[in-house]
Amino acid sequence: MVKIGLRGLFVYLLISMSILQASHDIEIFTSDNSDGKITTKSIEEAFKKVGFSIAENRDMNGPFIKQFKETTFDVYNLFTVYEEKIVLELAKTYPNFGLFAPMSMSIYSKKGTKSISVASLTPEAMAKIMKIPADNKELQSLGILVKKALNIAMPNGKLETIPYSVATAKESLVTSFEMELDEEDWDEGKE
């Protein structure tokens, strides 16, 4: 099992988001939150309502302040979710779907704004990264469930259009490696 620290996870997410933002594969769903009723917890509850399990809903402002001495967000949470049945079906055919089990999202409010946003990868982005058909039924179902949860959590929300030019990745978006394990390490790794 590979363990990465908080810094490693943050760097991975920044690199992933940078690569994918260049290809219009990130959706940002934003809602007015002047009354403050939409919270990271209420968003979590909406995802649970449609069948997602929550792996993490972690406030990242504290670590940002500790690491960088400041933050440009009033709210910034790393939000990771999975839908067990869909994940299992996808993993049977596409083992590298583990890259998105759980799927990572960001919940944020920029300092001084009265809105809240959730940024997530589109099913098409996941398909592109894993090199699987974008019209995969399970992957599309996952995208529909994400949209359903967002509409419950943020009923007045809308998808943002962010202007940037499309870039093509020159190399694979996934790095794989193999290693030999003895039986004891394999048993421990499965856990």
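We number each residue from 1, following the sequence as shown.
Taking the side chain as every heavy atom from C-beta outward, K148 and F52 never approach each other to under 4.5 Å. Counting heavy atoms from C-beta outward, I132 and L139 have side chains that approach closer than 4.5 Å. By the 4.5 Å heavy-atom criterion applied to side chains, T72 and K110 are not counted as neighbours. Residues K111 and F73 form no side-chain contact, since every pair of their non-hydrogen atoms from C-beta on lies 4.5 Å or further apart.
Listed by chain and residue number, I38, T39 satisfy the side-chain contact (heavy atoms from CB on, under 4.5 Å) test with S42 (two or more places apart in sequence, or in another chain). With sequence neighbours excluded, the residues that form a salt bridge (Lys or Arg N to Asp or Glu O under 4.0 Å) with E89 are K92.
Cluster annotation: I43 and V50 are assigned to the same hydrophobic cluster (Ile/Leu/Val/Met/Phe/Trp/Tyr, side-chain heavy-atom contacts under 4.5 Å, transitive).
Here K128 pairs with D25 in a salt bridge; the nearest charged N to carboxylate O distance falls below 4.0 Å.
Checking S120 against E27 by side-chain atom types alone, no donor-acceptor pair falls below 3.5 Å. Side chains of D32 and S115: no donor on one and acceptor on the other come within 3.5 Å.
Remark: side-chain polar atoms of S141 are paired, donor with acceptor, to backbone N or O of K137 under 3.5 angstrom. Listed for the D59 side chain is no donor-acceptor partner under 3.5 Å among the backbone atoms of V75. E83 places a side-chain N or O within donor-acceptor distance of the main-chain N or O of K85, the cut-off being under 3.5 Å. T80 places a side-chain N or O within 3.5 Å of a backbone atom of E56 that can act as its donor or acceptor partner. In this structure, Q140 contributes its side chain and A134 its backbone to a donor-acceptor pair below 3.5 Å.
Of the listed residues (V146, I54, L142), just one forms a side-chain contact (heavy atoms from CB on, under 4.5 Å) with V81, and that residue is I54.
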| request: Could you walk me through whether T71 and N61 pass the side chain to side chain donor-acceptor pair (under 3.5 Å) test, one step at a time? | output: CA-CA 6 Å; T71 179; N61 264 337; 2.6 Å; yes

| task | Could you walk me through whether K48 and E44 pass salt bridge (charged side-chain N to carboxylate O under 4.0 Å, His left out), step by step? | result | CA-CA 6 Å; K48 287 180 182 176; E44 177 179 322; 3.2 Å; yes

| task | Go through the steps to decide whether L78 and N57 satisfy the test side chain to side chain contact (heavy atoms under 4.5 Å, CB included), and finish with yes or no. | result | CA-CA 6 Å; L78 174 61; N57 191 355; over 6 Å; no

| Residues I116, M154; criterion side chain to side chain contact (heavy atoms under 4.5 Å, CB included); working and verdict | CA-CA 9 Å; I116 191 163; M154 304 157 70; 4.1 Å; yes

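Here the straight-line distance linking atom OG1 of T93 with atom CG of L88 works out to 11.5 Å at 0.5 Å rounding. Here the CE atom belonging to M105 is positioned 8.5 Å from the CD1 atom belonging to I107, to the nearest 0.5 angstrom. Note: L159 CG to I28 CD1 = 9.5 Å, rounded to the nearest 0.5 Å. Interatomic distance, CE of M130 versus CG of N136, reported as 7.5 Å (0.5 Å rounding). In this structure, OH on Y76 lies 8.5 Å from OH on Y108, to the nearest 0.5 angstrom. Taking CG of L121 as the start and CE of M103 as the end, the distance is 7.0 Å to the nearest 0.5 Å.
For Y94 against P133, the heavy-atom pair with the smallest separation is OH-CD, 3.5 Å. Across all their heavy atoms, P155 and I152 have their closest contact at CD-O, 3.7 Å. Residues A46 and A153 come closest through the heavy atom pair CB-CB, 3.5 Å.
Taking the six-membered ring for Trp and the full ring otherwise, the centers of Y82 and F100 sit at least 6.0 Å from each other.
Remark: E160 CD is packed, more than 12 non-hydrogen atoms of other residues, nucleotides or ligands lying under 6.0 Å away.
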